[in-house]
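Numbered from 1 within each chain, the chains take letters A, B, ... in sequence-line order. Everything quoted here is computed from the prediction, not taken from an experiment.
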2 protein chains.
Amino acid sequence: MPSHIQREFILHFGEMGSRWGINRTVGQIYALLFLSERPLCADDICAALGFSRSNVSMGLKELQGWGLVRRRDLEGDRRDHFATLDDQWQIVRTLIAERKKREIDPTLTKLRELEMQAPEGAETYALGRIGQLREMIETLTGFYEEMNRMETERLVALLKMGSTLRKFAATTGRVVSLGKGSKSKEETS
Amino acid sequence: MPSHIQREFILHFGEMGSRWGINRTVGQIYALLFLSERPLCADDICAALGFSRSNVSMGLKELQGWGLVRRRDLEGDRRDHFATLDDQWQIVRTLIAERKKREIDPTLTKLRELEMQAPEGAETYALGRIGQLREMIETLTGFYEEMNRMETERLVALLKMGSTLRKFAATTGRVVSLGKGSKSKEETS
DNA sequence: TGTTTATTTCAGAAATTTCTGAAATAAGAG
DNA sequence: CTCTTATTTCAGAAATTTCTGAAATAAACA
């Protein structure tokens, strides 16, 4: 039985869950595990949240699919227990990696496909637009991969640099973009 | 009546829409407008996609709410016409800003609230966990705001830097992280 | 091995979201 | 002001997603 703060937190995650493409149940289960000092078994979760056993089972499966929850064997108890990752930065990495996989990669594949199968010289406007989109997504995912390669400690340092990074881009950016010969002359509205 | 490529693109966006928290209709309307060389009116959209007039009206309203679609008055036609933003980077900025507003900010507010109203000295574990989460979200949104302040041209240059950025973080990062005294000793599994 | 306990699956019930057509509202044109 | 055309709203229909309980499966123990 969760405390007041826990309850609030869990309910909030339930509501937000729907904005995040996971459902209420799954959000609440995650929130409960996130705040729990020790791993919980499915029955604990049923008791705490009042969901059916099968619903909890499904929810845990989905969370494991996301890589956000892990099974932990607890000594002296036959039942499976579950816990969230400890390191919050690892959570973010997992979350972003999964969302990329589900929300970005399929689109990138599709755009490349469409460009390949395009008929000769026709549809210039649409193909141009698709090409722009693809290039941008490639740039973004490239950046992501670069960041993802970094150790957490350095990554966090970078994230906390504040205006330093902007200044760095202001000086170095110019050179690099010249070097690469990016045609960044388009603009609008 | 869209071409084969257009149709494929539109259908893909419809399907992906659901993973993006917008629905099929809205995704398809956006895709259609995105590929269209000139602004379209609601009836054009109905005709092209076969949705009811009211559905299109709702969809356009939602897209305008997201800031992804703009009304354009077309001379000699009384009807409202609609178009997507031209600059794909502006689209990404808009998208991220909106998602932050809808998916991150409410949670940040909630977490701060919970920390404020916490009873004296109790609930140390849960509060610690909530604090970690809040700090991390603050770091991330701070970084986002920093990036968002940059002009597109520089931002793109930065995004395309590849390993240069990682090297920069490797040299400068150390100093910053020492200065801040971040206790990054937790890790797992 | 058989018995007990834990977990998963799955068909349909319940809840939610999306979509439509009809009615209401707004906005030009004469 | 009236007529016409464009747009929005909204109650309920249709479709989709979520959730449950019962049955099936698996896994531990003796």
Side-chain angles (χ1 to χ4, degrees), chain A residues 10-11 13-33 38-66 68-83 102-103, chain B residues 10-11 13-33 38-66 68-83 102-103:
Chain A
I10 290 167
L11 289 178
F13 264 56
E15 281 177 38
M16 293 307 284
S18 46
R19 301 196 187 181
W20 267 84
I22 63 173
N23 67 34
R24 202 170 48 91
T25 312
V26 174
Q28 291 196 13
I29 293 174
Y30 183 79
L32 177 68
L33 290 174
R38 53 179 191 74
L40 301 179
C41 71
D43 291 319
D44 295 336
I45 297 171
C46 292
L49 303 179
F51 299 140
S52 74
R53 190 50 235 282
S54 52
N55 199 1
V56 168
S57 179
M58 301 281 224
L60 286 169
K61 213 174 155 197
E62 186 172 344
L63 285 168
Q64 286 171 284
W66 277 83
L68 288 172
V69 159
R70 293 265 169 80
R71 281 164 75 154
R72 296 276 176 112
D73 282 339
L74 220 60
E75 54 179 341
D77 195 330
R78 205 163 113 194
R79 296 170 297 181
D80 287 344
H81 288 249
F82 300 88
R102 293 160 199 236
E103 303 182 358
Chain B
I10 289 168
L11 288 178
F13 264 56
E15 280 176 40
M16 293 306 285
S18 46
R19 302 197 186 179
W20 266 86
I22 63 172
N23 65 34
R24 201 171 47 90
T25 312
V26 175
Q28 291 197 12
I29 294 174
Y30 183 78
L32 176 67
L33 290 174
R38 52 180 192 75
L40 301 179
C41 72
D43 291 320
D44 295 337
I45 298 171
C46 293
L49 303 179
F51 300 139
S52 74
R53 190 50 236 281
S54 51
N55 198 2
V56 169
S57 179
M58 301 280 225
L60 286 170
K61 215 175 154 196
E62 186 172 344
L63 285 168
Q64 285 172 285
W66 277 85
L68 288 173
V69 159
R70 295 262 170 82
R71 280 164 76 156
R72 296 274 175 115
D73 282 340
L74 218 61
E75 54 178 342
D77 195 330
R78 205 163 116 196
R79 295 170 299 181
D80 288 343
H81 288 248
F82 301 88
R102 292 161 198 236
E103 303 182 359

### Task
Determine whether more than 12 heavy atoms belonging to other residues, nucleotides or ligands lie under 6.0 Å from atom CG of B:D73.
no
Nearest-nucleotide check on DNA chain C, B:F51 vs A:R78; residue mapping nearer the 5' end is A:R78
To the nearest angstrom, how far is [X] atom [atom1] from [N] atom [atom2]?
X: B:D43; N: D:dT7; atom1: CG; atom2: P; answer: 7 Å
X: A:L49; N: D:dT20; atom1: CG; atom2: C1'; answer: 16 Å
X: B:D77; N: C:dG28; atom1: CG; atom2: C1'; answer: 13 Å
X: B:I45; N: D:dA6; atom1: CD1; atom2: P; answer: 15 Å
X: B:D73; N: D:dT7; atom1: CG; atom2: P; answer: 10 Å
X: A:H81; N: C:dT5; atom1: NE2; atom2: C1'; answer: 13 Å
X: A:L60; N: D:dC19; atom1: CG; atom2: P; answer: 13 Å
X: B:R24; N: D:dA14; atom1: CZ; atom2: P; answer: 16 Å

Query raised in the report: So, the side chain of B:D77 versus the backbone of B:L74: is there a donor-acceptor pair under 3.5 Å, distance only?
Result: no
Looking at B:R70 and B:Q64, would you say the former's side chain and the latter's main chain have a donor-acceptor pair under 3.5 Å?
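Between the backbone of B:Q64 and the side chain of B:R70 there is no qualifying donor-acceptor contact (under 3.5 Å).
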Write down the protein N/O and nucleotide N/O pairs, taken from nucleotides 8-11 of chain D, whose separation is under 3.5 Å; answer none if there are no such pairs.
unit_1: D:dT8; atom_1: OP2; unit_2: B:S57; atom_2: OG; d: 3.2
unit_1: D:dT9; atom_1: OP2; unit_2: B:K61; atom_2: NZ; d: 2.7

Heavy-atom nearest pair, B:Q28 first then B:F51, reads OE1-CZ, 3.4 Å
_Closest non-hydrogen atom pair between A:V56 and A:C46, with its separation_ =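 Closest approach of A:V56 to A:C46, heavy atoms only: CG2-SG, 3.8 Å.
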**Asked** With a distance cut-off below 6.0 Å to the six-membered ring centre and an angular limit of 45° from the axis, does B:R102 pair with B:W66 as a cation-pi contact?
**Response**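 B:R102 over B:W66 ring: yes.
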*Under the side-chain contact (heavy atoms from CB on, under 4.5 Å) rule, what do A:I45 and A:L33 come out as? Steps first, then yes or no, please.*
CA-CA 9 Å; A:I45 297 171; A:L33 290 174; 4.2 Å; yes
**Request:** Using the side-chain contact (heavy atoms from CB on, under 4.5 Å) rule, take A:V69 and A:Y30 through it: C-alpha gap first, then chi angles, then the decisive distance, then the call.
**Result:** CA-CA 8 Å; A:V69 159; A:Y30 183 79; 4.0 Å; yes
Partner of B:N55 under side chain to side chain contact (heavy atoms under 4.5 Å, CB included), picked from B:T25, B:N23, B:V26, is B:T25
_D:dC19 OP1/OP2 closer than 4.0 Å to side-chain N/O of A:N23_ = yes
TODO: Check every strand shown and say whether B:R79 touches a base, only sugar-phosphate, or nothing at a heavy-atom separation below 4.0 Å.
DONE: sugar-phosphate
Exercise. Within the structure shown, what part of the strands sits under 4.0 Å from A:N55 by heavy-atom distance: base, sugar-phosphate, or nothing?
Worked result: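 Touches a base.
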When the C1' atoms of the five terminal pairs at each end define the local axes, what inter-axis angle does the helix from C:dT1-D:dA30 to C:dG30-D:dC1 show, to 10 degrees?
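What I find for the helix from C:dT1-D:dA30 to C:dG30-D:dC1 is an axis angle of 30°.
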